[in-house]
Amino acid sequence: MTTAPQRPAAAPASRGVVTPLRLTWLHLRFQFLETIRIPMAVIGNMLFPALAMAFFVVPQQEVAQNPLWATTAVAGLAMFAVCSASLFSFGLGVAEDRQLPFDPYVRSLPAGPAPRMAARIANSAIFAVLGLLPLIVVAWLFTAATVTVLQLLAGIGMVLVALVPFVLLGMAIGYSMPAKAALAVVQVVLFPLAFAGGLFLPPMMFPAWLDAISKVTPTRAARDLLDQALTGTTAYGGAWLVLLGWTVVFAALATWAYRRDEGRRFR
């Protein structure tokens, strides 16, 4: 009696591994599409720095026609645009997201918060760079601001580095309070930091006591490091330590606020 030959066992179906990088990409794509669905938000982010340059710097010929001063003005306005976009997009944006029914579902998924937060930072970086393009065009056409290709690349890299602490601060605000309160807090935080950091007035005009306070703010550190990248002017000693220190502090605050909110909503 012969037995029929047995069929070989079917190979198990391969399963695609969802890596943290892929999860980050999926969140980034979703957030990018969600952002561009509101064209006025994108257009406003791109036009504000350029309009500020056109109205407040270009008419002052003694500044606009001085290569060093004009480039320094570009650095200050670029940092204000980055700070404003980061704080409003994340301080207010995160608070508004928390009010949506879809947000608790996304946060209950097993992926964890890291891919979503990394995607938020990357999305902010994309729109920060896009927002600087009209500013660069206005400065190139109507002022004597000048940079080499290497200085421009170094400046863009510095903008992306300086973006991180303000995104983290925005997240800390957004996860700590409702949207109406977040809007008020962002305004209260943004403008004092901008003035103290020398984004509107050059720090050389500050009295000694204000200059000392200014040097411990993240806006002043970011502004001076960006100015150094664009013009070669040496930033004050300790600027990197101040910026990195605030990044660590804001990262801790954002993590604490996220976990506190998660404990309240998913208990």
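Residue numbers count from 1 along this sequence.
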**Asked** Just by distance, do the side chain of S176 and the backbone of A172 share a donor-acceptor pair under 3.5 Å?
**Response** yes
Hey, are the side chains of I121 and M171 touching, using non-hydrogen atoms and a 4.5 Å cut-off?
yes
| task | Step by step, work out the ring-ring contact (aromatic ring centres under 6.0 Å, His included) result for F127 and F32. | result | CA-CA 9 Å; F127 284 100; F32 180 83; 5.3 Å; yes
Is the backbone of A70 close enough, under 3.5 Å, to the side chain of T143 for a donor and an acceptor to pair up by distance? no
- request: May I ask you to test the L135-L132 pair for a side-chain heavy-atom distance under 4.5 Å?
  value: yes
With a 4.5 Å limit on heavy-atom distance, are the side chains of K215 and D224 in contact?
-> no
Is the backbone of V216 close enough, under 3.5 Å, to the side chain of W246 for a donor and an acceptor to pair up by distance? yes
Find out whether R98 and Y175 are in side-chain contact, i.e. whether some heavy atom of one side chain is under 4.5 Å from a heavy atom of the other. yes
Does F142, at its CZ atom, have more than 12 non-hydrogen atoms belonging to other residues, nucleotides or ligands within less than 6.0 Å?
no
Checklist line | Heavy-atom side-chain proximity of V242 to Y236 below 4.5 angstrom | finding: yes
- Does a side-chain heavy-atom distance below 4.5 Å link L253 with L168? no
- Message: Tell me whether F200 at atom CZ has more than 12 heavy atoms from other residues, nucleotides or ligands lying less than 6.0 Å away.
- Response: yes
- Task: Please state whether the rings of F80 and F191 are parallel, tilted or perpendicular, taking 30° and 60° as the class boundaries.
- Result: tilted
Backbone N/O of A144 and side chain of Q65: donor-acceptor pair under 3.5 Å: no
Flag the pair V129 / L160 as yes when at least one side-chain heavy-atom distance between them is below 4.5 Å, and no otherwise. yes
